[in-house]
Amino acid sequence: MKLTSGRSMVINVEYNQLDPLLRATGHPDGDVNCETGYSPFPGNINQLILELGPYIKELTKTGGAIKEFVNPKYKDASKTSFKSSTRLECMMQDYPKTLPPSARVGFTVMDTWLAYAPVKNNPEDAAKVPKGNPYHSATSGEMAIYRANSLILKKAGVQVEDPVQQVFNGQEVEVWPRVTWKPKWGITFAEIKSKVSGSCSISQRSTMALKGRDILLENLTLDGALIINSTDGAEVKVGGSIKNKGWLIERIDYKDTAFPEELRIRGFRMEKKEQLEETYSQPGKYTLKP
């Protein structure tokens, strides 16, 4: 948000401050949704990128001191007791307030599917979230990773089958192919796109884990589970038709203490029926084409 109050600045506004700020600056209804059904103000996820030179100079001047505040969470509208401990806080996103007017400050807006999937609600609370609103649970957080990876591969030219709707711990979520990779396989879109060629496709029921730097997908048709492990220096070309029973998703109720907590909050576990798993522990050039 760009604020003008004696000076102009581009700065994040904390969620609990946004509504009163708008009401005090000519928006009598505060933070209300526009015709899109969402707030017209982009959300802030506190991913900050700082240039080290000016940052060190500013720290030398301020000692890292940021203005403090309290944000009490009350049990109810009577505001006579706290829901949780109230503490003195300061916000890292207030850093631009200490900068001189000549400082360059900007922001980048990304689609939610690529940038935002917090895990902070337990299964019971997540199930109470009104339909259409984000669950922000372990279930939705994991499914968001698979969705993002599937969409990235689609943009890179892979035919990825559409997701199905399923319910875990009372939460209806999109279930995409369970696609994941180590960061060394690809961090930027250009990296990932360079490792995909020809006509590749992945079915909705598939699972794919790429654990290596130089794994190349060439004319791959996957309908099942595929796990590739490769050391640095091993170039692996993966193609052809790979079909097996795959990994099935088995529902788990969060109240079922027969399962460990990490599975109960997730709402499911993987039943590993069948997979093709290959490990390349020596440098070299390899081809996997069943």
Side-chain angles (χ1 to χ4, degrees), residues 1-51 54-55 58-59 61-137 140-141 144 148 170-173:
M1 176 174 285
K2 185 173 183 179
L3 298 179
T4 303
S5 177
R7 60 175 285 201
S8 177
M9 71 178 78
V10 176
I11 195 166
N12 298 312
V13 177
E14 188 70 356
Y15 70 95
N16 64 309
Q17 298 174 0
L18 179 59
D19 190 78
L21 173 69
L22 291 172
R23 292 179 187 275
T25 53
H27 299 80
D29 295 327
D31 183 22
V32 293
N33 295 339
C34 64
E35 63 276 2
T36 66
Y38 298 96
S39 169
F41 301 98
N44 160 36
I45 59 174
N46 282 356
Q47 299 292 319
L48 307 183
I49 301 174
L50 306 171
E51 188 175 1
Y55 183 53
E58 195 65 22
L59 288 182
K61 183 181 73 178
T62 65
I66 299 291
K67 188 176 179 180
E68 297 166 328
F69 70 102
V70 293
N71 180 20
K73 303 290 196 306
Y74 297 105
K75 284 185 177 180
D76 53 43
S78 68
K79 296 186 178 181
T80 56
S81 57
F82 295 124
K83 183 179 180 181
S84 59
S85 299
T86 297
R87 60 196 182 278
L88 195 63
E89 301 179 62
C90 63
M91 296 189 293
M92 58 184 180
Q93 63 266 35
D94 274 355
Y95 167 68
K97 289 181 179 178
T98 73
L99 296 174
S102 60
R104 296 175 62 201
V105 180
F107 66 94
T108 300
V109 178
M110 294 185 178
D111 289 341
T112 302
W113 67 265
L114 181 62
Y116 190 62
V119 174
K120 61 181 182 178
N121 289 331
N122 63 51
E124 188 174 7
D125 289 343
K128 297 175 183 176
V129 171
K131 189 172 183 179
N133 290 287
Y135 296 113
H136 292 170
S137 68
S140 63
Q171 305 160 58
E172 186 177 30
V173 293

For the atom pair CG (Leu99) and NZ (Lys97), what is the distance rounded to the nearest 0.5 Å?
12.0 Å
With a sphere of 6.0 Å drawn around NZ of Lys61, does it hold more than 12 non-hydrogen atoms of other residues, nucleotides or ligands?
yes
Tell me whether the count of non-hydrogen atoms from other residues, nucleotides or ligands lying under 6.0 Å of OH in Tyr38 goes above 12.
no
Closest non-hydrogen atom pair between Gly30 and Asp19, with its separation:
CA-OD1, 3.3 Å
Heavy-atom pair of closest approach, residues Tyr95 and Pro54:
OH-O, 4.0 Å
Does the side chain of Val13 come within less than 4.5 Å of Asn44's, by heavy atoms?
no
Per the side chain to side chain contact (heavy atoms under 4.5 Å, CB included) rule, which among Asn12, Thr108, Val109 passes with Pro42?
Val109
Is a donor on one side and an acceptor on the other found under 3.5 Å between the side chain of Asp111 and the backbone of Leu114?
no
Check Val119 against Ser137 and note the closest heavy-atom contact, atom names and distance.
CG2-O, 3.5 Å
Does Glu89 have any side chain to side chain contact (heavy atoms under 4.5 Å, CB included) partners at least two apart in sequence or in another chain, and if so, which?
Phe69, Asn71, Arg87
Could you check if a side-chain atom of Val105 sits within less than 4.5 angstrom of a side-chain atom of Met9, using non-hydrogen atoms only?
no
Least distance between heavy atoms, Ile11 atom then Gln93 atom:
CG1-O, 3.8 Å
Nearest non-hydrogen partners of Tyr116 and His136, listed with the distance
CE2-NE2, 3.8 Å
Euclidean distance, Leu18 CG relative to Asp31 CG, rounded to 0.5 Å
4.5 Å
Min side-chain heavy-atom separation Met91-Glu14 under 4.5 Å
yes
Looking at Lys73, I'd like to know if its NZ atom is crowded, meaning that more than 12 non-hydrogen atoms belonging to other residues, nucleotides or ligands lie closer than 6.0 Å.
yes
Between Ser140 and Gln171, is a side-chain hydrogen bond (donor to acceptor under 3.5 Å, both in side chains) present by the stated rule, with each step listed?
CA-CA 8 Å; Ser140 63; Gln171 305 160 58; 4.8 Å; no
Is it true that atom CG of Leu88 has more than 12 heavy atoms of other residues, nucleotides or ligands lying nearer than 6.0 Å?
yes
Taking Glu172's backbone N and O only, do any of them form a donor-acceptor pair with Tyr135's side chain (distance below 3.5 Å, no angle check)?
yes
Determine whether Glu58 and Pro100 make a side-chain contact, defined as any pair of heavy atoms from C-beta on separated by less than 4.5 Å.
yes
